[in-house]
There are 2 protein chains.
Amino acid sequence: MATMKDICKRAGVSIATVSAVINKSAYVSPALEERVNKAIQELNYRPNAVARSLKKKSTKTIAAIVTDIENPYYPTMIRGMDDVAFNFGFSFILCNTTNDPIRFRNYLDLIVEKQADGLLLANISTEEELAQVEKTGLKYVLLNRKPPAYDKNYVGINNMLTTELSIKHLASLGYRDIAYFSGDLLISTARERWEGFQSGMHQQGLKVDEALVFHGDYTFRSGYESTKKLLTETKQLPEAICAASDLVAFGAVKALRESGIRIPEDIAIMGNDNNPFSENFIVPLSTVDHPKYEMGKMAMELLLEEIESKERKFPKQIVLPPSLVVRDSCGWKSE
Amino acid sequence: MATMKDICKRAGVSIATVSAVINKSAYVSPALEERVNKAIQELNYRPNAVARSLKKKSTKTIAAIVTDIENPYYPTMIRGMDDVAFNFGFSFILCNTTNDPIRFRNYLDLIVEKQADGLLLANISTEEELAQVEKTGLKYVLLNRKPPAYDKNYVGINNMLTTELSIKHLASLGYRDIAYFSGDLLISTARERWEGFQSGMHQQGLKVDEALVFHGDYTFRSGYESTKKLLTETKQLPEAICAASDLVAFGAVKALRESGIRIPEDIAIMGNDNNPFSENFIVPLSTVDHPKYEMGKMAMELLLEEIESKERKFPKQIVLPPSLVVRDSCGWKSE
DNA sequence: CTGAAAGCGCTAACAA
DNA sequence: TTGTTAGCGCTTTCAG
């Protein structure tokens with residue numbers, strides 16, 4: 001690899017001049033600039049970012065930590081991140097913890113050693129995890145999930161509204177007897193959706209039937225099992241199921257169909273998050289769309305702003321709106 | 001951030017001693033080692049990897065370039081890569097080109113500037129792209145797709161076998177009249193699957209009906225449109241459709257159902273690649289599983305081996321076997 | 001406007 | 001066994 005020294009020899013100028021033309025950091029006479037550029041071309045020279053980073057104490061790289069890149073929620077978020085990182089000339093280290101806390105710790109160490117300029121975290125749920133992040137001293141922003149009472153930089157969606165919207169939709173279709181399949185309440189988004197369910201029911205003048213709420217997690221399996229339980233425990237089918245995620249709804253649909261129950265004729269089902277496959281699922285799933293791309297994008301923008309500006313910025317929480325997506329799984333109002 | 005100098009002051013030793021204990025690169029008396037470790041603890045010191053990289057001319061980072069991280073084929077591959085990178089203490093820069101050639105170029109520049117130790121590429125289809133990669137001078141391995149006649153480091157699957165397996169399965173179920181929905185033949189995997197279809201038909205003593213092959217790409221939309229075309233152009237439905245990807249199969253299923261055609265009763269349909277949602281699709285899709293995780297894993301291993309060993313290794317092509325996954329979309333042999 | 005030189009944090013000879 | 005020192009490739013004063 002050619003270095004700046006090679007360039008200055010070849011161009012017959014000093015190293016400072018080379019630096020000046022590369023970074024446009026000072027006026028250089030057209031003649032010299034020409035010569036330098038020519039040498040750069042000829043030697044196929046590319047500046048060494050490692051050396052520059054050492055000097056400037058900035059690597060222009062951001063790390064993102066995610067628990068499970070195979071969950072289709074994340075690739076879209078990641079694309080949002082990557083798009084803005086790319087536009088800012090930053091690169092982007094991806095860390096997939098597979099939900100392993102020790103792997104999380106190790107990634108954090110790796111990230112400080114590599115001198116990343118900032119950190120994006122999509123799955124921080126506890127104070128302890130947050131404390132570890134704080135300990136790195138890095139600038140960071142959380143997105144999607146957050147620990148209780150967290151009040152620093154964050155971008156997420158209005159999860160409470162997701163379920164309120166769902167209930168409103170269900171109620172408008174005439175359903176009153178509504179089951180809820182909750183996510184894991186240790187996770188902020190699941191707590192918020194659960195609250196939204198309750199307040200939504202309240203707003204619609206409906207009451208929540210404890211026998212009809214099942215606490216599980218966001219997985220397909222959880223939806224499947226909750227449905228099986230529902231089917232055995234309760235004598236009469238509810239009119240509708242409100243699921244905490246599309247995967248949960250998928251699982252429910254599978255179990256329902258195994259019992260010969262038709263959707264939406266016998267029961268309506270509402271998802272949450274608008275999984276890429278919902279549109280073409282067995283029965284196109286009515287759900288609530290989350291702006292995942294924007295989440296990733298804005299989180300990266302927020303972080304980069306924070307990094308590029310010298311002054312300490314005031315913490316900012318950005319909450320994006322979800323939106324109802326009506327497909328077939330809840331039926332249609334008979335006029 | 002504390003530096004090595006801070007440590008040596010605090011521990012009252014020389015900087016070389018500190019380096020020796022951190023890297024275990026030389027014997028240090030237990031007493032000194034103790035003192036050094038204590039100082040490291042107290043100052044919460046972490047070595048600066050960029051300084052180390054500058055000196056050692058190795059960054060311990062690998063970049064991966066992928067065209068579309070939202071295609072569920074890739075997250076699994078990426079998990080495979082990340083798992084081994086993590087185990088080797090490497091970190092992992094993700095570059096999502098969104099299929100934009102100029103973005104591809106820019107990523108390549110970024111990657112050489114950042115001094116990545118190696119490069120993983122999942123979507124190289126042309127000589128030109130390959131030439132650009134070669135020009136970086138980096139060690140690399142291709143996976144999944146490759147340019148024609150490429151004979152260097154590669155890991156992929158036996159794509160020809162995927163369609164042969166499909167046809168064999170279809171034939172065993174008694175189908176003879178089989179349509180093929182191809183991917184984009186500019187892509188190596190699509191070419192290989194297409195060849196596999198032809199040779200598979202041949203092996204089963206079946207002949208391919210030109211009127212029944214549709215060239216498109218790997219998308220849902222392509223499957224949908226090919227089916228519409230099939231439905232209008234041909235008077236009689238084939239007995240089965242062999243799709244070049246699961247997404248194509250999904251699109252076909254959608255179009256078929258819109259026309260009231262039942263699967264598998266009226267027509268059988270076979271996917272290819274085993275999308276995570278195929279299992280729970282409208283009709284559970286029979287398909288061919290690709291070992292995506294292993295592909296990512298082995299590609300990263302191959303690359304890391306290459307990097308860690310000094311001698312020039314002999315190029316290696318690893319071809320992994322696909323495997324048939326029988327679900328419901330092709331029906332079952334009536335005893 | 002251009003060049004010389006110091007130094008970012010670390011490693012690895014080489015000396016002691 | 002431990003310490004001194006010269007760079008790695010670049011940026012950035014500061015003189016000229």
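Just so you know, these numbers come straight off a predicted model, no measurement behind them.
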Distance in angstrom units between A:R35 CZ and C:dT2 C1', rounded: 11 Å
Sugar-phosphate only, base, or nothing, as touched by A:V28 at under 4.0 Å among non-hydrogen atoms: sugar-phosphate
Phosphate OP1/OP2 of C:dT11 contacted by B:N23 side-chain N/O (<4.0 Å): yes
Spatial distance of atom CZ (B:F86) from atom CG (A:N96) [nearest 0.5 Å]: 10.5 Å
Ion pair check, B:E129 and B:R145, cut-off under 4.0 Å: no
Nucleotide nearest B:R52 (side chain, heavy atoms from C-beta), chosen from D:dG9, D:dC10, C:dC10: C:dC10
Interatomic distance, A:M4 CE vs D:dG7 P [rounded to whole Å]: 19 Å
A:E113 CD - C:dT11 P separation (whole Å): 11 Å
Sugar-phosphate, base or nothing in reach of B:V13, heavy atoms under 4.0 Å: sugar-phosphate
Gap between atoms CD and P, on B:Q115 and D:dG9 respectively (whole Å): 9 Å
Distance, rounded to the nearest Å, where B:L43 contributes CG and C:dG9 contributes P: 14 Å
Between CE on residue A:M81 and CG on residue A:L304, distance to nearest 0.5 Å: 12.0 Å
Whole angstrom value for the distance that separates P of C:dA6 from CD1 of A:I15: 14 Å
Short side-chain N/O contact to C:dG3 OP1/OP2 from A:S14, under 4.0 Å: yes
Presence of salt bridge, B:K297 and B:E301, under 4.0 angstrom: yes
Protein-nucleotide distance (A:L54, atom CG; D:dG9, atom C1'), rounded to Å: 9 Å
Of the listed nucleotides C:dA4, C:dG9, D:dC10, the one nearest the side chain of A:A16: C:dA4
Distance, rounded to the nearest Å, where A:Y27 contributes OH and D:dT12 contributes C1': 21 Å
A:S53 vs C:dC8: side-chain N/O to OP1/OP2 distance below 4.0 Å: no
Any donor-acceptor N/O pair under 3.5 Å between C:dG7 base and A:K55 side chain: yes
Sugar-phosphate, base or nothing in reach of A:S19, heavy atoms under 4.0 Å: base
4.5 Å side-chain heavy-atom contact, A:N44 and B:K135: yes
